[in-house]
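A short worksheet on the structure shown next.
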Amino acid sequence: MIENSASPVVPPTLLSLFTVFLRIGLFSFGGGLSGWIFREVVTLRGWIDEDEFMSGLAVAQILPGANVANLSLYIGQKLFGITGAVVALVGLLSGPFFVAIALVSAYSAMTSFDWTETVMDGVAASAIGLLLVVAAKGARRASRHLGASIALIATFLGVAIFHLSLLLVVAVVAPLSVWAAWQRSAKP
Amino acid sequence: MKDDPLLALIAVFVPFSLISIGGGPSIIAGIQHQTVDVQHWMSSREFINFFAISRAAPGPGSMLTTLIGWHVAGWTGALVATLALFVPSSIICYAVATVWRQHRGKRWHTALEQGLAPIGIGLILAGAVSILRIGHGGPLAWAVAGGAGALLLWQPRLHPLLLFVLGGAIFVAARLLSSGLPML
């Protein structure tokens, strides 16, 4: 079901799809899951190309639902249709499901939570590095066009700096950005 | 409906699934209100603890929902709450992704794709900044994040777990160093 002509580094199977997303779910401490997914699926395995990833990322973020869940579903669907979507999503969520419950059960025993928190803060900070890689690649892509660069910067400023509602920012920036892309595509 | 905790979990989390634009962070305040003030499933202290645990656990931050379900009705509750949060949004995403792919190559599709991609990146960056702000790492967290990103761009095959260990170790070392000083 791989319609993409770019030869994958390692062809996906349902089992490898499951184990990749299980691993992403289990080891993605402190966020940065989209960065993990990019690394595992695009950089290491070439299951989908960068273009399709960025496109799926945008769709996953704009639709309701956890972004990573949507992104996993999108990638699973691309590779194996509805079976792939379910396998990727179940793979992503089943690890954290049990770990989170185990943590709550062990919570009272974890009185040294103080130091745990310090370690987790450090882990979370380095996990952000994974996200920055995706952002750097996307920014390089966007920098080819003025409109795309402006859309990226405006979205970031609106949400992160001016704390505007995400819905509002997307509602304003998306039509303008899409219009600019439409204009670009008219040129030969 | 309030008599059956499983139905109550579904009634609370399905609507959140459908409005969680931008992912988990956008609905946490709403979940807190429902869980603590409306349904009285737990105290706000317990809720904060659950929130902290869901952040320490791997996976999407929305695993908070799993914990609430577990607290309310054990394993069944955990499963029901998780499904209630993830299934409705997933069905929408699946439908949109299907339509999205069928029209690949058309001019409007290309325009949408190229127009939306930079917004996705802007949101990723904004998300990174908000996580760095919530944490207690301060400037050190920004430095570690930037360093990890630079390392990965330079060596894409570097294993992230190695970076995580390094990040954790740097934070512990920084705290040990500063614990000798009067202020942390």
Side-chain angles (χ1 to χ4, degrees), chain A residues 25-29 31 43 54-55 57-59 61 63-70 73-74 77 85 89 96-97 99-101 103-104 118-126 128-136 138-139 142 148 151-152 155-156 159-160 166-167 173-174 177-178 181-182 185, chain B residues 18-24 53-54 56-60 62-63 66-67 70 78 86 89-90 92-94 96-97 100 107 110-126 128-129 131 135-137 141 144-145 148-149 152-153 156 160 163-164 167-168 170-172 175:
Chain A
L26 273 175
F27 291 123
S28 54
F29 295 97
T43 310
M54 297 297 172
S55 158
L57 184 63
V59 173
Q61 284 175 315
L63 292 178
N67 300 337
V68 277
N70 287 346
L73 186 151
Y74 172 92
Q77 186 205 31
L89 197 57
F97 180 88
V99 173
I101 291 177
L103 278 179
V104 171
T118 303
V119 175
M120 289 315 303
D121 279 343
V123 170
S126 46
I128 300 296
L130 283 168
L131 282 184
L132 294 180
V133 171
V134 180
L152 196 165
T155 306
F156 173 73
V159 175
L166 183 141
L167 270 178
V173 178
S177 175
V178 170
W182 174 264
S185 66
Chain B
L18 296 173
I19 61 163
S20 57
I21 310 269
I53 292 167
S54 73
S62 340
M63 300 317 287
T66 308
L67 297 181
W70 188 77
F86 283 101
S89 59
S90 294
I92 294 179
C93 180
Y94 189 87
V96 171
W100 183 241
R107 186 181 164 198
T110 312
L112 264 180
E113 189 169 275
Q114 293 190 355
L116 293 181
I119 295 174
I121 298 300
L123 291 177
I124 281 266
L125 270 178
V129 167
I131 298 174
H136 327 102
V144 167
L152 273 172
L153 278 174
L163 288 175
F164 291 179
I170 290 174
F171 268 58
V172 168
R175 187 170 157 189

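Labels below follow one simple rule: chain letters A, B, ... track the order of the sequence lines, proteins then strands, and each chain is numbered from 1. For clarity, every value in this text was computed on a predicted model and none was experimentally measured. Atom set for the values below is all heavy atoms of this structure, side chains included, hydrogens, waters and symmetry mates excluded.
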Stepwise side-chain contact (heavy atoms from CB on, under 4.5 Å) test for A/Gln61 and B/Leu116: CA-CA 10 Å; A/Gln61 284 175 315; B/Leu116 293 181; over 6 Å; no
Is [Y] close to [X] at the side-chain level, that is, under 4.5 Å between some pair of heavy atoms?
X        : Y        : value
A/Leu132 : B/Leu125 : yes
A/Leu130 : B/Phe164 : yes
B/Leu18  : A/Pro64  : no
A/Leu57  : B/Leu123 : no

Identify which part of [X] has an atom lying under 4.5 Å from any heavy atom of chain B, answering side chain, backbone, both or neither.
X        : answer
A/Ala85  : side chain
A/Val59  : side chain
A/Ala100 : both
A/Ala160 : both

Rounded distance (nearest 0.5 Å) linking atom CZ of A/Phe97 with atom CE of B/Met63: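 Going from the CZ atom of A/Phe97 to the CE atom of B/Met63 covers 7.0 Å.
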With rounding to the nearest 0.5 Å, note down the distance linking CG in A/Asn70 to OH in B/Tyr94.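 Spacing of CG (A/Asn70) from OH (B/Tyr94) equals 14.0 Å.
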Over all heavy atoms of both residues, which pair between B/Ile121 and A/Ala135 is shortest? Give the atoms and the distance, please.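 Heavy-atom minimum between the residues: CG2-O, 3.7 Å.
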What is the minimum heavy-atom distance between B/Ala97 and A/Gln77, and which atoms define it?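 The pair with the smallest heavy-atom distance is CB-OE1, 3.1 Å.
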In chain order, what residues pass the side-chain hydrogen bond (donor to acceptor under 3.5 Å, both in side chains) check against A/Ser55, with sequence neighbours excluded?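 A/Ser55: side-chain hydrogen bond (donor to acceptor under 3.5 Å, both in side chains) contacts with B/Trp100, B/Glu113.
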I need the residue from B/Gly149, B/Ala148, B/Cys93 with the largest number of non-hydrogen atom pairs under 4.5 Å to chain A.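 Result: the option with the highest number of such pairs is B/Cys93.
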